[in-house]
Number of protein chains: 2
Amino acid sequence: MDDFNDLIYFAAVVEHHGFSAAARATGIEKTRLSRRVAALEQRLGVRLLQRSTRSLALTDAGERFHLHCLAAVESARVAYAHMADLRREPVGTVRMSCAQVMAQNYLAPILPNFLTQYSKVNLILDATDREVNLIEERIDLVLRSRIEIENSAGLVARPLAEARRLLVASPTYLRKINPPSEPRALSKCDTLGRPVEMFDGQIRWELNGPEAETVSVQVSPRLVTNDLRLLLKAAIHGVGIALLPEQIVANALKTDLLAQVLPNWTTTTHHIYLLYPSPRGMLPSVRSLIDYLLIHLPISLQKHSIKN
Amino acid sequence: MDDFNDLIYFAAVVEHHGFSAAARATGIEKTRLSRRVAALEQRLGVRLLQRSTRSLALTDAGERFHLHCLAAVESARVAYAHMADLRREPVGTVRMSCAQVMAQNYLAPILPNFLTQYSKVNLILDATDREVNLIEERIDLVLRSRIEIENSAGLVARPLAEARRLLVASPTYLRKINPPSEPRALSKCDTLGRPVEMFDGQIRWELNGPEAETVSVQVSPRLVTNDLRLLLKAAIHGVGIALLPEQIVANALKTDLLAQVLPNWTTTTHHIYLLYPSPRGMLPSVRSLIDYLLIHLPISLQKHSIKN
DNA sequence: AAAGACTATTGCATTAGAGCACTAATCAGC
DNA sequence: GCTGATTAGTGCTCTAATGCAATAGTCTTT
């Protein structure tokens with residue numbers, strides 16, 4: 001079952017009642033039509049067209065073959081047309097993945113509007129904290145927050161924003177204990193952490209001092225969760241000291257529900273970025289979501305700081 | 001909508017989960033698969049497969065495209081399989097054409113048996129006296145009786161038998177008139193002819209004498225018909241002199257219902273032959289009919305002489 | 001943890017197919 | 001009845017796709 005194009009050529013010749021006519025109509029050289037149909041007949045071992053030097057007509061076999069050809073060619077035509085449709089406007093399903101935290105805090109406020117705006121685009125959002133395999137799990141787009149922007153081969157990383165992380169606690173709690181004046185003092189405080197920070201049952205925080213010195217402290221957390229809202233609430237309730245993204249705590253700091261701890265010490269800032277496979281042949285549906293996120297996510301990060 | 005083969009390549013890659021696997025399974029070089037699928041994607045402007053150097057997975061678009069591909073490839077496969085079936089054994093419809101005379105006299109006795117023998121072969125027999133166009137009317141096989149075997153380009157002419165034609169009349173009629181002793185005397189006799197012999201309201205008979213001399217006589221016919229049985233009956237009834245094929249009159253001569261006129265003079269013998277388009281790619285169905293006729297028609301011509 | 005095995009892809013020489021001009025043969029019209 | 005136009009098919013040159021060998025990268029196994 002070799003050359004599939006011959007079916008098209010044959011169908012064209014039949015449709016236009018002759019090689020020359022088909023050549024004129026399709027733009028394919030008639031010599032090619034002639035040769036390919038001849039080759040097809042030889043492969044089949046069946047005469048499809050009965051030809052004299054001037055006229056030609058279908059064989060009985062040719063007629064049957066032509067019927068199947070039409071079906072095949074039509075299927076192919078539909079396949080092409082369908083792809084053209086996908087390329088014309090944003091339609092279809094986009095698969096996206098990000099950490100649960102980000103889905104809840106950053107995407108939730110803006111995604112509904114995207115779906116309203118692009119009514120033909122469906123979205124599958126896999127909110128999971130595990131490392132996803134972009135290719136095997138057929139993910140079109142990943143939103144990530146990491147210290148280093150990963151630059152895998154064939155993947156595009158598009159930075160969206162920086163996420164400074166601040167050590168915070170409730171003023172009440174700070175008044176209760178001796179507020180730490182240098183990193184090592186943290187080990188005596190109650191702390192709140194996230195699973196990704198865990199190492200050997202303890203949380204490790206890297207802090208950069210005012211003179212660029214780096215101190216790594218290990219603290220035993222009283223609460224470990226990947227739910228940032230929960231951490232925020234626990235901190236506000238005075239459970240302990242938490243290391244949280246600037247965007248998350250901004251509101252609480254402003255209203256004095258939280259206060260910064262060791263404000264002169266900073267942690268490595270996280271980069272929030274989009275990760276997606278090569279843009280070559282990217283569909284408008286994916287493109288539209290990326291564009292939408294590039295515009296609205298930075299704004300979302302600033303405005304939608306979490307209320308108490 | 002260019003290269004149709006790419007659909008096959010793509011379908012193969014999807015089916016076998018990878019370029020290398022598809023290459024092993026189909027025998028197509030993996031480099032070709034890789035390049036053709038890449039070209040297909042570029043033409044579509046859509047990524048079908050998301051690949052890393054080692055693994056690969058379908059895109060959403062790719063999955064949809066694959067569905068259509070399967071339909072197209074399947075149609076093509078069926079088309080090929082169908083032709084293979086036709087080639088395997090005699091099946092399908094064979095179109096044949098011949099003069100009404102021959103259908104009635106020569107084919108009628110033997111065709112039913114052919115249809116019994118080859119139960120999967122259907123036959124369309126166009127019994128017409130007009131000149132058929134083998135190609136335009138999609139005729140697979142023609143049985144003809146002509147003075148000269150035509151040797152058209154691209155057509156095969158297969159001689160079956162000679163048909164001498166004899167001048168005959170009923171003994172009763174011959175007794176009534178002066179039996180002609182030389183061709184020119186025929187113009188005073190009553191004659192029976194066929195439309196093909198007509199020229200300018202008269203019938204022209206070419207007669208070859210015992211010393212190879214040729215005489216062309218024109219006679220005014222009393223009856224003109226292409227129904228040989230009718231001519232035979234008219235001759236037996238004593239309407240006049242007829243020029244009929246040897247096979248047709250053999251029985252009547254034997255039983256003295258007819259007698260030969262001018263027995264020393266002969267007419268140009270007719271050649272009975274099969275005419276069919278080039279045997280290249282000929283189907284078993286047609287082949288079987290030709291073979292059957294080559295065996296049984298000559299016998300039919302001898303045995304089945306028409307009974308009074 | 002490192003190496004081996006396997007993946008998709010690319011460079012380059014070669015072959016197979018494409019296109020042009022032309023031929024043989026047929027049909028239409030004067 | 002012959003000429004002109006049109007048909008399918010063919011020879012030859014050249015382009016473009018193919019196949020081989022090698023590359024870069026990834027996953028698995030020892």
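Lettering follows sequence order; numbering is per chain, from 1. These figures come from a predicted structure and were not determined experimentally.
Side-chain atoms of B:R146 and B:Y273 form no donor-acceptor pair, as typed in the model, at a separation below 3.5 Å. Between the side chains of B:S145 and B:H270, at least one donor N or O sits under 3.5 Å from an acceptor N or O.
Note: CD (A:E29) to C1' (D:dT10) measures 14 Å, nearest angstrom. Between A:F10 atom CZ and D:dA8 atom P the separation is 14 Å, expressed in whole Å. Computed from coordinates, the A:K30 NZ to D:dG9 C1' distance equals 9 Å when rounded to whole Å. Rounded to whole Å, the distance from CZ on B:R51 to C1' on D:dT26 is 16 Å. Summarising the geometry, the separation between CG on A:D3 and P on D:dT18 is reported as 10 Å, rounded to the nearest angstrom. Rounded to whole angstrom, the span from the CG atom of A:L40 across to the P atom of D:dG9 amounts to 13 Å. Taking atom NE2 of A:H17 as the reference point, atom P of D:dT7 lies 14 Å away to the nearest angstrom. One can place CZ of A:R43 at 13 Å from C1' of C:dG17, the figure rounded to the nearest angstrom.
Tested against A:F4 for a ring-ring contact (aromatic ring centres under 6.0 Å, His included), the candidates B:F4, B:Y9, B:F10, B:Y80 yield a single pass: B:F4. Among B:L40, B:V37, B:L44, the one residue that satisfies the side chain to side chain contact (heavy atoms under 4.5 Å, CB included) test with B:D6 is B:L40.
Nearest-nucleotide positions on DNA chain C place B:F19 closer to the 5' end than the other of B:R35 and B:F19.
The phosphate of C:dA18 has OP1 or OP2 within less than 4.0 Å of a side-chain N or O from A:R32. Between A:S20 and D:dA8, a side-chain N or O to OP1/OP2 separation shorter than 4.0 Å is present.
Residue A:T31 is classed as a base contact, given a heavy-atom separation below 4.0 Å to a base.
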